[in-house]
Peer 1: 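I have a structure here, written as structure tokens, and I will follow up with some questions on it.
Residue numbers start at 1 and run along the sequence shown. Side-chain atoms are counted along with the backbone in the values below, which use heavy atoms only and exclude waters and symmetry mates. We count ligands from 1, going down the list as the structure has it; atoms in each ligand are counted the same way.
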Amino acid sequence: MKNIIVTGGAGFIGSNFVRYILKENQNVRIINVDKLTYAGNLENLKGLEENPRYVFEKVDICDKEEIKRVMKVYDVDTIINFAAESHVDRSIEDPTEFINTNIKGAQTLLDVAKKMWIIGEDKYKEGAKYIQVSTDEVYGSLEKDEECFTEKTPLNPHSPYSASKASADMLVKAYYDTYKFPVCITRCSNNYGPYQFPEKFIPLIMNNCLKHKSIPVYGDGSNIRDWLYVEDHCEAIYKVLLNGKLGEVYNIGGHNERTNIQIVKKIINYLHDNMDNTINEDLITYVKDRKGHDKRYGINPEQITKELDWTPKTQFEDGIVKTIKWYLENQEWLENIVNGEYEKYYNKMYKM
Ligand code: NAD
Ligand code: DAU
């Protein structure tokens, strides 16, 4: 039995990953280490409480003593670090927590694991592995006709969020280069799917449509993101866990670049045609652009395809419909979030 710490397992991608791996592999025990910030939600893991191969530990990844305790108690041999402050707009408001969790938190995990897994000079416990879940945002922004990001693209982050993620990536690489500590880094494009916190674009559009509220589109809506269905991201990380080469970076992307305005119109039109014909494009409101707004992200995932035989399985047209339906069927989940602190956040960010 492998004992795997998944940090940030109560967040969007983390919770999808916990469900994915428990189903995929009967030989793992998952220890979900999550501080439960505003973005952490145990509702995302409903139904797993009785699973003997799942444990929850409410722990901050910056807390060295607690990380040591958890690693010892569960005899951990793998860490997959999803925990992060993940929202670009919040990082522009105040980067402090991004530096703490995304950089110091990662360094704490690396340091504790290095000390607990070492068995000789540059030698670590059999099967030990640390995976840093990073982002395509570390590469910066592409022009319209530029080639997609490869693993060799130089790091050029622009927001405090992406700068903190790039810093963590550099630390992870440094642990490999200096100590031969067994690491892999994954860099994925924008995810969409169930359980995403509605500060992010797609669930925010869903929430506003359901309430007939205007949909804030930054700038002229022409910024481009490369959207990947979250389950495909989970599968890619699982493949990196099983067979990813130590010291390697793997780009993960959906071959699916869309402008923001295309995304908004897609969702509005689906809801208009299938649910409520009063939901229409009049809801679209162009607002002040995000500061330093990256123009375009696009991932070249050739390396993970060649080395680990991964390709995205979900076509955007299917994934977006599945996602819309999930939010429609889980409006109670959405309401529990937007009825809390979220409203204050929304009013402050969008000055409504
Ligand atoms: P999220 O904000 O939904 O979840 C983050 C989780 O981390 C929450 O459960 C939160 O409680 C937890 N957390 C935050 N600080 C913590 C701390 N100090 N200690 C322990 N737990 C803490 O994020 P997400 O969208 O699921 O992203 C997960 C990871 O994937 C992040 O590292 C992010 O950078 C990366 N990523 C996200 C996307 C995307 O499109 N969402 C794409 C590429 C990479
Ligand atoms: O590329 C991977 C990254 O994708 C992850 O590393 C981040 O954690 C994740 O949050 C996401 O970052 P983005 O900034 O691309 O995602 P967001 O959902 O915030 O915005 C998507 C696009 O939509 C972006 O161009 C900004 C725009 N947008 C967003 C919001 C919230 C709007 O036009 N209006 C909005 O209200």
Side-chain angles (χ1 to χ4, degrees), residues 5-17 32-42 44-45 57-63 66-67 80-92 97-98 100-102 104-106 108-109 132-139 141 149 157 159 161-162 164-165 168-169 186-193 195-205 207-208 214-228 230 233 237 252-253 258-261 263-264 284-290 293-299 346 349-350:
I5 284 187
V6 167
T7 70
F12 164 48
I13 307 174
S15 62
N16 276 284
F17 183 78
N32 175 9
V33 169
D34 198 301
K35 178 183 170 183
L36 296 184
T37 65
Y38 78 93
N41 184 357
L42 291 179
N44 298 358
L45 298 149
E57 288 277 355
K58 185 173 184 312
V59 166
D60 184 336
I61 60 164
C62 300
D63 186 337
E66 276 292 90
I67 296 296
I80 309 179
N81 184 27
F82 291 89
E85 287 295 332
S86 68
H87 193 37
V88 174
D89 292 330
R90 289 187 194 251
S91 82
I92 294 166
E97 274 313 300
F98 290 75
N100 286 335
T101 290
N102 300 2
K104 291 188 186 162
T108 304
L109 294 171
Q132 176 70 11
V133 179
S134 186
T135 168
D136 60 358
E137 298 200 16
V138 298
Y139 296 122
S141 183
F149 301 129
S159 72
Y161 161 71
S162 51
S164 69
K165 293 294 289 185
D169 285 11
T186 63
R187 295 188 181 136
C188 189
S189 57
N190 286 62
N191 284 214
Y192 68 101
Y195 301 110
Q196 187 165 30
F197 193 87
E199 65 190 351
K200 306 285 164 55
F201 198 39
I202 288 181
L204 185 145
I205 299 169
N207 185 47
N208 287 19
S214 67
I215 298 165
V217 174
Y218 298 160
D220 62 3
S222 67
N223 296 65
I224 293 170
R225 298 292 182 262
D226 180 357
W227 293 94
L228 180 72
V230 63
H233 186 190
I237 292 174
I252 304 167
R258 311 267 157 158
T259 60
N260 292 338
I261 198 66
I263 299 286
V264 182
I284 296 172
T285 311
Y286 293 94
V287 299
K288 191 168 166 242
D289 209 353
R290 173 184 277 174
H293 197 175
D294 285 337
K295 189 71 197 162
R296 173 182 161 229
Y297 304 140
I299 278 275
Y346 192 90
M349 297 304 268
Y350 296 94

Peer 1: Does ligand 1 come near enough to Ala83 that some N or O of the ligand is less than 3.5 Å from an N or O of the residue?
Peer 2: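 Between Ala83 and ligand 1 (N or O atoms, distance only) the closest approach is not under 3.5 Å.
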Peer 1: Heavy-atom contacts with Ala10 under 4.0 Å: which atoms of ligand 1 show up? List them by number with element.
Peer 2: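 Counting atoms of ligand 1 from 1, those under 4.0 Å from Ala10 are 9 (O).
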Peer 1: Going by the order shown, which atoms of ligand 1 are within less than 4.0 Å of some heavy atom of Tyr161?
Peer 2: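 Under 4.0 Å from Tyr161, ligand 1 has these atoms: 33 (C), 34 (O).
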Peer 1: Measure the acute angle between the ring planes of Phe149 and Tyr297, then classify it against the limits of 30° and 60° as parallel, tilted or perpendicular.
Peer 2: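 Ring orientation of Phe149 relative to Tyr297: tilted.
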Peer 1: Does Asp34, backbone or side chain, put an N or O under 3.5 Å from an N or O of ligand 1?
Peer 2: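 Between Asp34 and ligand 1 (N or O atoms, distance only) the closest approach is under 3.5 Å.
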Peer 1: Tell me the protein heavy atom at minimum distance from atom 5 (C) of ligand 1, and give that distance in Å.
Peer 2: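 Nearest neighbour among protein heavy atoms for atom 5 (C) of ligand 1, to 0.1 Å: Ala84 O, 3.5 Å.
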Peer 1: Which of the atoms in ligand 1, numbered in the order shown and given with their element, are less than 4.0 Å from a heavy-atom of Thr37?
Peer 2: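 So the atoms of ligand 1 that pass are 10 (C), 11 (O), 14 (C), 15 (N).
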Peer 1: Suppose I only count heavy atoms of Ser189 and a 4.0 Å limit; which atoms of ligand 1 are within that range?
Peer 2: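 Answer, ordered by atom number: 42 (C), 43 (C).
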Peer 1: Would you mind finding which of Met349, Lys200, Glu199, Arg290 brings a heavy atom closest to atom 19 (O) of ligand 2?
Peer 2: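 Answer by nearest heavy atom: Arg290.
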Peer 1: For ligand 1, is there an N or O atom under 3.5 Å from any N or O atom of Asn190?
Peer 2: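 Checking ligand 1 against Asn190, no N or O pair falls under 3.5 Å apart.
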Peer 1: State, without any angle test, whether Tyr346 and Asn207 hold a side-chain donor-acceptor pair at a distance under 3.5 Å.
Peer 2: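 No, Asn207 and Tyr346 have no side-chain donor paired with an acceptor closer than 3.5 Å.
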Peer 1: Can you confirm, on distance only, whether ligand 1 has an N/O atom lying under 3.5 Å from any N/O atom belonging to Gly9?
Peer 2: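 Checking ligand 1 against Gly9, no N or O pair falls under 3.5 Å apart.
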Peer 1: More than 12 heavy atoms of other residues, nucleotides or ligands under 6.0 Å from NZ of Lys200: is that the case?
Peer 2: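 Counting other residues, nucleotides and ligands, NZ of Lys200 exceeds 12 neighbours.
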Peer 1: Evaluate Asn191 for polar contact with ligand 1, using N/O atom pairs at a separation under 3.5 Å.
Peer 2: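 Such a contact does occur with ligand 1.
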Peer 1: At less than 4.0 angstrom from any non-hydrogen atom of Leu36, what atoms of ligand 1 do you find?
Peer 2: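 Atoms satisfying the 4.0 Å criterion: 11 (O).
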Peer 1: Pick one of side chain, backbone, both or neither for how Asn260 approaches ligand 2, counting any non-hydrogen atom pair under 4.0 Å.
Peer 2: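 Within the 4.0 Å criterion, Asn260 contacts ligand 2 through side-chain atoms alone.
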Peer 1: Is ligand 1 less than 4.0 angstrom away from at least one heavy atom of Thr7?
Peer 2: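 No, that is not the case, since the closest heavy atom of the residue is not under 4.0 Å from the ligand.
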Peer 1: If you measure every N/O of Thr101 against every N/O of ligand 1, is any gap under 3.5 Å?
Peer 2: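 Yes: some nitrogen or oxygen of Thr101 is under 3.5 Å from one in ligand 1.
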Peer 1: So, the side chain of Thr101 versus the backbone of Glu85: is there a donor-acceptor pair under 3.5 Å, distance only?
Peer 2: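 No, because the side chain of Thr101 does not come within donor-acceptor range (under 3.5 Å) of the backbone of Glu85.
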Peer 1: For ligand 1 and Asn41, I'd like to know whether there is a polar contact (N/O to N/O, distance under 3.5 Å).
Peer 2: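 Among all N and O atoms of Asn41, none is under 3.5 Å from an N or O of ligand 1.
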Peer 1: With nothing but distance in play, are any N or O atoms of Ile61 less than 3.5 Å from an N or O of ligand 1?
Peer 2: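 Indeed, backbone or side chain, Ile61 has an N or O that close.
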Peer 1: Which ligand 1 atoms are under 4.0 Å away from a heavy-atom of Val59?
Peer 2: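 Taking each heavy atom of Val59 in turn, ligand 1 has 19 (N), 20 (C) under 4.0 Å.
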Peer 1: With a cutoff of 4.0 Å, is Phe82 in contact with ligand 1, counting heavy atoms of the residue only?
Peer 2: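 So Phe82 counts as touching ligand 1.
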Peer 1: Give me the ring orientation class for Phe82 and Phe17: parallel if the planes are under 30° apart, tilted from 30 to 60°, perpendicular past 60°.
Peer 2: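 Correct class here is tilted.
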Peer 1: Looking at ligand 1, does any of its N/O atoms fall within less than 3.5 Å of an N/O of Phe12?
Peer 2: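 In this structure, Phe12 places an N or O atom under 3.5 Å from an N or O of ligand 1.
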Peer 1: Run the numbers for me: atoms of ligand 1, each under 4.0 Å from some heavy atom of Asp60, listed by number.
Peer 2: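 Listed by number with element, the hits are 17 (C), 18 (N), 19 (N).
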Peer 1: Considering the heavy atoms of Ser134, write down every atom of ligand 1 situated less than 4.0 Å from one of them.
Peer 2: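 That gives atoms 43 (C), 44 (C) of ligand 1.
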